[in-house]
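Input: a single structure, listed below in structure tokens.
Residue numbering restarts at 1 for every chain, and letters A, B, ... go by the order of the sequence lines.
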2 protein chains.
Amino acid sequence: MDRLLSLATMYELFFQKFNEKVPLTPEEQEQIKAYLTPKKLRKRQYLLQEGDICKSIAFVEKGALRAYTVDENMNEHVIQFAIEGWTISDLFSYLTAEPATYNIDALEDAELVLITRSAHEEFLKNLPKYETYIRLLITGAYIALQRRLTSNLSLLAEERYTSFTETYPDIAQRVPQHMIASYMGLTPETLSRVRKKMADRR
Amino acid sequence: MDRLLSLATMYELFFQKFNEKVPLTPEEQEQIKAYLTPKKLRKRQYLLQEGDICKSIAFVEKGALRAYTVDENMNEHVIQFAIEGWTISDLFSYLTAEPATYNIDALEDAELVLITRSAHEEFLKNLPKYETYIRLLITGAYIALQRRLTSNLSLLAEERYTSFTETYPDIAQRVPQHMIASYMGLTPETLSRVRKKMADRR
DNA sequence: AAAGAGCCTTGACTTTTGTCAAGTAAAGGA
DNA sequence: TCCTTTACTTGACAAAAGTCAAGGCTCTTT
């Protein structure tokens, strides 16, 4: 495969999303590619386990992942989902090199593009566009998180669920219901009843 | 007042926090100062009203502010507090120039340092350290927000309140209880009862 | 000093959501 | 293919938080 073709096909989605935020020259893309790490994950495999140091930010080229915590009673709390085009990490652990408080695993077989910490530092030092990319990425994540929090504070279970399925129809279809319940701060039973009530009404 | 003295006293806290994130030379500080806008706000005055375009990020030198929404039933939902050393804005409106969904007002007489959008753009273009500052600022805000969300999803009212007063003892003392209740997604009555129960136990 | 507004508390009651337990269906591994 | 595990549902009951209403306290403002 020649280099131009590989440029067009490898990390395709990653660079598409990057270019939407910050346009890159082909040279810059090659420069970045040299530091990226591809990784495949089988369903149920961990990308990160609580207590480990989070060594990379993961961009999802294909598949689906989730970040979650496990509390004293062994209850899982889903913090975040990520499917194609999205990014997932334990940012706090990644940036501070403290042990992770999240687990991250694959809900489907997945192909990832990893930005390791050394790549991250390399880019921040030598490629101003990368800092812009990261800034915009985190800004978007911050705004989305603020919306999620607001909806959790002010809406009932059914309204939250409706809003979730409208905002993320693809995730709602691909992910087990009990994880969506957890993501919204509900028990599986409650979500099941909410859905039944909605179905009974139509 | 000579220039060096004024440098040391004006916007003091703003530059202290900035330097903690990204060290600046005196020249850079002067360059930034030239674009900053000071603003005083009396208690109850608005910095931003829902529907307006958010024109600045506000750093709090003195006083206390809150961001909040008002729903159909005229219930207020507190999104964020900011006291000395913290920053507050409707980031979505600021960045997209869409109408704000938040109100921001002063809970105490306040002194602010405003970064207007034109200053923001000027800095991003000509001062790489500013982009780093903003990136670190938002990253910190993102991580804090994720913690808040997690605690809302997995903790009971009393645990959330305890965690809040431990994390932000200063805010807990300066801000009316019903706003703290709202910040945690509780009614004033519920928070009042939670506090009574805690007091009765000791 | 009086009037009003805002804030906090308390009680009685309702609604929402969680817990526990059981059962069925579907998916995945040996 | 069978067998185990996992996911989802449903019912009965419990706990948490919300609603409505009233009263008292404190702070402004006049």
Side-chain angles (χ1 to χ4, degrees), chain A residues 41-45 63-64 66 68 70-78 81 103 105-109 151-165 171-201, chain B residues 42-45 64 66 68 70-78 81 103 105-109 151-165 171-201:
Chain A
L41 227 52
R42 288 262 165 70
K43 184 170 173 171
R44 299 192 148 266
Q45 259 192 301
R66 102 244 229 220
Y68 66 100
V70 180
D71 69 18
E72 328 79 64
N73 314 316
M74 296 291 288
N75 289 121
E76 295 181 356
H77 298 276
V78 175
F81 295 113
N103 301 278
D105 66 5
L107 303 177
E108 305 170 359
D109 291 356
S151 109
N152 262 286
L153 290 175
S154 58
L155 301 182
L156 294 178
E158 181 175 333
E159 300 168 315
R160 297 211 297 273
Y161 180 66
T162 303
S163 148
F164 178 84
T165 54
I171 293 178
Q173 286 190 331
R174 283 162 70 174
V175 160
Q177 248 185 63
H178 72 275
M179 290 187 194
I180 295 173
S182 165
Y183 179 88
M184 297 191 305
L186 300 174
T187 59
E189 294 95 330
T190 297
L191 180 55
S192 175
R193 288 180 183 116
V194 163
R195 283 165 51 89
K196 185 185 167 65
K197 223 161 130 189
M198 291 170 66
D200 286 352
R201 269 206 306 272
Chain B
R42 287 262 165 69
K43 185 171 173 170
R44 299 195 148 264
Q45 258 192 303
R66 99 239 229 220
Y68 66 101
V70 180
D71 69 19
E72 329 80 65
N73 312 317
M74 298 290 289
N75 288 122
E76 295 180 358
H77 297 276
V78 175
F81 295 112
N103 301 278
D105 68 4
L107 303 177
E108 304 170 0
D109 292 355
S151 109
N152 261 286
L153 290 175
S154 59
L155 301 183
L156 295 177
E158 180 175 332
E159 299 168 316
R160 298 211 297 273
Y161 179 67
T162 303
S163 147
F164 178 85
T165 53
I171 293 179
Q173 286 191 329
R174 282 162 71 173
V175 160
Q177 247 184 65
H178 73 274
M179 292 188 192
I180 294 173
S182 165
Y183 179 88
M184 296 190 304
L186 300 175
T187 58
E189 293 95 330
T190 297
L191 180 56
S192 175
R193 289 184 182 114
V194 163
R195 283 165 49 90
K196 185 185 167 64
K197 224 160 127 192
M198 289 170 66
D200 285 354
R201 270 207 305 272

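Distance, B:Glu159 CD to D:dA17 P: 9 Å, rounded to whole Å. With rounding to whole Å, A:His77 atom NE2 is found 11 Å from C:dG18 atom P. At whole-Å resolution of the value, CE in A:Met198 and P in D:dT9 are 13 Å apart. Atom-to-atom, CG of B:Asn75 to C1' of D:dC20 comes out at 13 Å; the value is rounded to the nearest Å. To the nearest angstrom, P of D:dT6 lies 11 Å from CD of A:Glu76. Between A:Leu186 atom CG and D:dC8 atom C1' the separation is 15 Å, expressed in whole Å. Between the CG atom of A:Leu107 and the P atom of D:dA7 there is a distance of 11 Å, given to the nearest Å. Separating the CG atom of A:Asp71 from the P atom of C:dT19 is a distance of 10 Å, rounded to the nearest angstrom.
Of the side-chain N and O atoms in A:Lys43, one or more sit less than 4.0 angstrom from OP1 or OP2 of C:dG28. At C:dT9, none of the side-chain N or O atoms of B:Lys196 fall inside 4.0 Å of OP1 or OP2 (strictly under the cut-off). Within the structure, a side-chain polar atom (N or O) of B:His178 is placed less than 4.0 Å from OP1 or OP2 of C:dC8. The side chain of A:Thr190 contributes an N or O atom lying less than 4.0 Å from OP1 or OP2 of C:dG18.
Contact annotation for A:Leu156: backbone-only contact, meaning every heavy-atom pair under 4.0 Å involves sugar-phosphate atoms and none involves a base. The residue B:Pro176 sits close only to the backbone: its heavy atoms come under 4.0 Å of sugar-phosphate atoms, none of a base.
The base of C:dG11 sits within donor-acceptor range of the side chain of B:Arg193, with an N or O pair under 3.5 Å. Taking only distance into account, the side chain of B:Glu189 never meets the base of C:dC8 through a donor-acceptor pair shorter than 3.5 Å.
Of the inter-residue distances, the one linking A:Asn103 atom CG with A:Tyr68 atom OH reads 4.0 Å to the nearest 0.5 angstrom. For the atom pair CZ of B:Arg160 and CG of B:Leu153, the computed distance is 9.0 Å after rounding to the nearest 0.5 Å. To the nearest 0.5 angstrom, B:Thr190 atom OG1 is 9.5 Å from B:Met184 atom CE.
Across all non-hydrogen atoms, the minimal contact from A:Arg66 to A:Leu107 is CD-CD2, 3.3 Å.
For A:Arg44, the side-chain atoms get nearest to D:dT6 when compared with the rest of D:dT10, D:dT6, C:dT19.
The backbone N or O of B:Asn73 sits less than 3.5 Å from a side-chain atom of B:Asp71, completing a donor-acceptor pair.
Aromatic rings from B:Phe164 and B:Tyr183 are positioned such that their centres are separated by under 6.0 Å.
Direction change of the helix axis from one end of the helix from C:dA1-D:dT30 to C:dA30-D:dT1 to the other is 50°, with five pairs defining each end axis (rounded to 10°).
Heavy-atom neighbours of A:Arg174 CZ from other residues, nucleotides or ligands within 6.0 Å: above the threshold of 12.
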